[in-house]
Amino acid sequence: MGLLSDPNRRRALISLLTRLNAPICVVCYMAGVAWFMGLAFEPFTLRTYMSENAMGSTMVEERFPAGERALGTGREFSAHKKKAGGMPVDWLVKTMQSRGLEVFTQRFSRRLPFPDEDKERYMVKGTNVYGILRAPRAPRTEALVLSAPCSPGDDNNQAVGVLLGLAQYFRNQVFWAKDIIFLVNEHDLIGMQAWLEGYHHTNTTGMDWSPLQGRGGSIQAALSLELSSDVVTSLDLVLEGLNGQLPNLDLANLFYAFCQKIGVLCTTQGKLQRNDWDSVSGYSHAVQTMMLMVMKQASGRPWGDHGLFLRYHIEAATIKGINSFRQYKTDATTIGRLLEGMYRKLNNLLERLHQSYFFYLMPSLSHFVSIGYYMPAFGLLALILLLRALDLWIQLATPPTFNLNPPPSQMSSPGVLSVLTPLVISHLTGVALYTLPIHFQEIAVEHFPVSETEAVVLTAIAVYTAGLALPHNTHRGLFVPPFNGWKVLKLVAVLYLAVLLGCTALINFSLGFILALTLVPVAAFVTPDVPKALSAFIMVILSPACTLLFSVFLFQELQEMPVSFLDGWMLYLSVISQGILDHALYGSLVYPLVALLVYPCWLLFWNILFWK
Amino acid sequence: MKILTLLSLLATHLSASSVNIEENAGQFFSSGHTNNWAVLVCTSRFWFNYRHVANTLSVYRSVKRLGIPDSHIVLMLADDMACNHRNPKPATVFSHKNMELNVYGDDVEVDYRGYEVTVENFLRVLTGRLPPSTPRSKRLLSDDRSNILIYLTGHGGNGFLKFQDSEEISNVELADAFEQMWQKRRYNELLFIIDTCQGASMYERFYSPNLMALASSQVGEDSLSHQPDLAIGVHLMDRYTFYLLEFLEDIHPSSKANMNDLFKVCPKSQCVSTPGHRTDLFLRDPGSALITDFFGSVRKVEITMETINLTEPIQQVEQNFVNEERQKETYSYVDQLPVSEIIHQKPKQKDWHPPDGFILGLWTLILLVFFKTYGMKHLKHIF
């Protein structure tokens, strides 16, 4: 007989499962964490390689000559920017036109839901300027984008200078098979969002923008350049985009190949690569790099202007020039040559980049871990939830030894209602957490001496904390639920959490994994029988809000800029406000996910803890 | 005495020279072919396969230089590299780096271009089974005295060659195509050169006589490309064809270099892969086959003051006829595709009749039903 159909064997399996459930769960958790930490160990990773045949092995000799002139243009741009007090639209239009591009502008305006204190803006009005270099002999069906942000102050002037210098050099070549769009966007991400929405005729975020007069065909790849100094010591590649989406690994491979060819020092996450993977410090360095990528991906915000392209299936990355204290400096001509080489390779593309991985983690620029290798870490954590669910199911299926409960005929309907009520109430609290902070900011500002941003954040925290008081209220005014009703609720909650975390991990592995790390122990071990005070404290520590707080401190620690507790707290508040703003401005899904789904799920477990 | 010796010398000289003339005359027709054709095929498209087009064009250039005219060359290029948007020097295809040699030239005549280069078209060209509307420039109009050079290049594997990223031709198909050509007397001798990975697998299955084959690599080996050009950004040529081109540049129409020299082109030290060749189906000794027998179109000219007695090849057939009228044999063209012999089809009938058995069976059924229903006693009414 089969393993599961033989009643003897089945009973033995079931008893094994119920006896060893807790130890197996603990082992799975440790294995999951160990697997994740082991991902950064170099023998477990693969070296990066070019997968796209069209961007093959041959290299072109780059001949960009005009680095110094590009820097001069950057200085002119800076002067005009100061004079105009923002984006020098007329000067940019004139300069691009003199370089032979077809120049167009786009105006956009947006009122933020509440003022952004990090970037100090509330009513945002701006103009994007872009010039299209038409391919001399090709039809206008495909395009590549090179963009540089117009930042306030002294930032990114050299980036615009290099962009204009490259535009002039590219204009003289005949071998472009795709149109190249040179874009200077104002108000970084907001301007980029307006441009992309205008280009693709979509309006997902409710922004006001003027339609684009000139277009170049479907965009195959995009690079965003951030350069704030005349010489750099290293180039940093930023990959993480909106909602944790990453560009095709081939783009990173291309960048790395050119860094090696030209001899520029290249980093990812701002950390240099080390060769001593077998030493403890080398391994911890790789772990730190990978953890930085994981945290950035989990935050769901675009970490460069490229982050918004990914949603439109356009592979994009940001290249940042970093000037640190190092002897060997790279000048603007070399950076121009690197970009020239990359664009010539992208020019050879026949279809969109699709040969390499879309889901990966990079412990360093030359090594990567693909989805097939990192998913088992999450799978082991999800296994714990399934084991717990199985355990509960078995307990519910076996009839109780002594019958203190009301007869079974009455048990079904209270059973459903006793599960439904906490579910509905938790989700209503989640909805409150999602909608109240922004709607009630005026009322809050009237009654309390805080600014709008602080009002929003503090309202959010208040609603979150108010949710903790719920279990004491839902049971009043309701009939007393049967004794074992919490098991049904826990079964539903555990399965709900498993599905939720699974779906999150598929789209944004880092977010799913970090939530799983803290929520799975909560889900596995909470029952009404554990000591209430201690477990309430542990549950609050492991709740999504505190996870975020710890992540903020960890992130600062990993970037080697540790903060004091007070600074960390302020940073935490700004992270919450940025999360809400990201959702309103660009459609980031982290805030709704946490408020509407993860927080209610956590509240269900909180409910179970205080079950009477 | 002296006069005698002189006379005897003269006599021997004359006899010797006359023997020489006979030998020369014999040698005149030793190769057996009277015209030359070339079929040059590049099977890959896309910009990064620039080198395959350059390979084919360099063989085209050599073949044209050695005398085969465009009307006798079928050139099939699967993609247009000269006018590709990514070509920094439009209207050129270079075979040597630093743009030394433009093999595209200004008089190239491409017969099959772009998507017309398919396995079907290639096989139709070889076997001659083209629709009547096909222009002459797209046909291989060879006869039984033609020497044909076939050159294939592209991406290949063990036993197949890839056409255009979407289909393949197998070595069995190719061997069968050559057998069709043999049976239809479409070639005298055929030289087959292939420059792909594992190229030797393509000539493994040949079984028709008078075929000689060369390949750039053995089974299990990859054919490598030669040199990249840093301004254009692609590899310009494959190694085997590069050294083949170098070898052919030294050949002029009166060169006496033979096939054994061709087999030595691109040894393993230069090519990294091991070129291979196959001569067992070739009826002559490869050493006696000149390069220009296949790569050039050499008109043989010998100046002589002697008269040569050509042996009479045509013999008078004595015809004895009973009738006064001479029975004339009617001649007709051999069926190009003797389908009826292959399929054993019945000749088509003018009108449609139901199958024979059907009518018989129908009447039998009617009779049986009638007698079953009404009994046997009615039988006597019928008969």
Side-chain angles (χ1 to χ4, degrees), chain A residues 50-65 133-144 169-180 216-218 220-221 250 254 257-258 261-262 337-355, chain B residues 43-55 78-100 102 104 114-115 154-157 162 164-166 196-197 222-239 242 272:
Chain A
M50 284 300 296
S51 302
E52 173 69 55
N53 229 340
M55 299 203 297
S57 54
T58 40
M59 296 293 188
V60 178
E61 193 184 346
E62 297 87 14
R63 295 209 195 109
F64 178 66
L133 190 158
R134 297 289 182 194
R137 294 173 281 143
R140 299 173 179 186
T141 48
E142 290 174 349
L144 299 169
Y169 178 68
F170 284 0
R171 186 68 180 88
N172 293 331
Q173 313 301 326
V174 295
F175 46 69
W176 296 111
K178 303 181 206 290
D179 294 344
I180 304 188
S218 92
Q220 305 288 298
D250 263 340
L254 184 69
F258 272 96
K261 180 182 181 227
I262 296 196
R337 291 210 173 143
L338 187 134
L339 288 169
E340 178 199 349
M342 282 183 81
Y343 271 87
R344 272 203 87 166
K345 280 274 171 188
L346 289 171
N347 186 36
N348 285 350
L349 278 179
L350 296 153
E351 358 171 54
R352 288 182 194 272
L353 288 168
H354 66 282
Q355 300 278 5
Chain B
T43 58
S44 18
R45 51 173 42 241
F46 305 139
W47 173 245
F48 52 87
N49 290 322
Y50 183 100
R51 59 191 187 279
H52 297 137
V53 173
N55 288 349
D79 201 0
D80 182 11
M81 294 309 163
C83 297
N84 193 308
H85 309 309
R86 297 168 181 81
N87 195 344
K89 291 262 182 271
T92 59
V93 173
F94 291 106
S95 61
H96 288 66
K97 68 175 178 191
N98 301 326
M99 307 190 197
E100 282 169 17
N102 173 17
Y104 198 67
Y115 287 108
H155 288 287
K162 182 174 80 153
Q164 299 256 24
D165 226 26
S166 58
T196 63
C197 302
D222 285 339
S223 285
L224 301 177
S225 49
H226 185 59
Q227 18 161 248
D229 182 295
L230 295 175
I232 302 180
V234 284
H235 284 278
L236 294 181
M237 286 271 269
D238 279 327
R239 279 174 191 253
F242 183 80
V272 185

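Small disclaimer: the values here were computed from a predicted structure and weren't measured. Per chain, numbering begins at 1; letters A, B, ... match sequence-line order.
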More than 12 heavy atoms of other groups within 6.0 Å of A/R171 CZ: no
Minimum heavy-atom distance between B/L230 and A/V60, given as atom pair plus value: O-CG1, 3.2 Å
Close side-chain approach of A/N53 and B/F48, heavy atoms under 4.5 Å: yes
Proximal to chain A - members of residues 84-94 of chain B, heavy-atom separation under 4.5 Å: B/N84, B/H85, B/R86, B/N87, B/P88, B/P90
A/A135 versus chain B, the contacting section by heavy-atom distance below 4.5 Å: neither
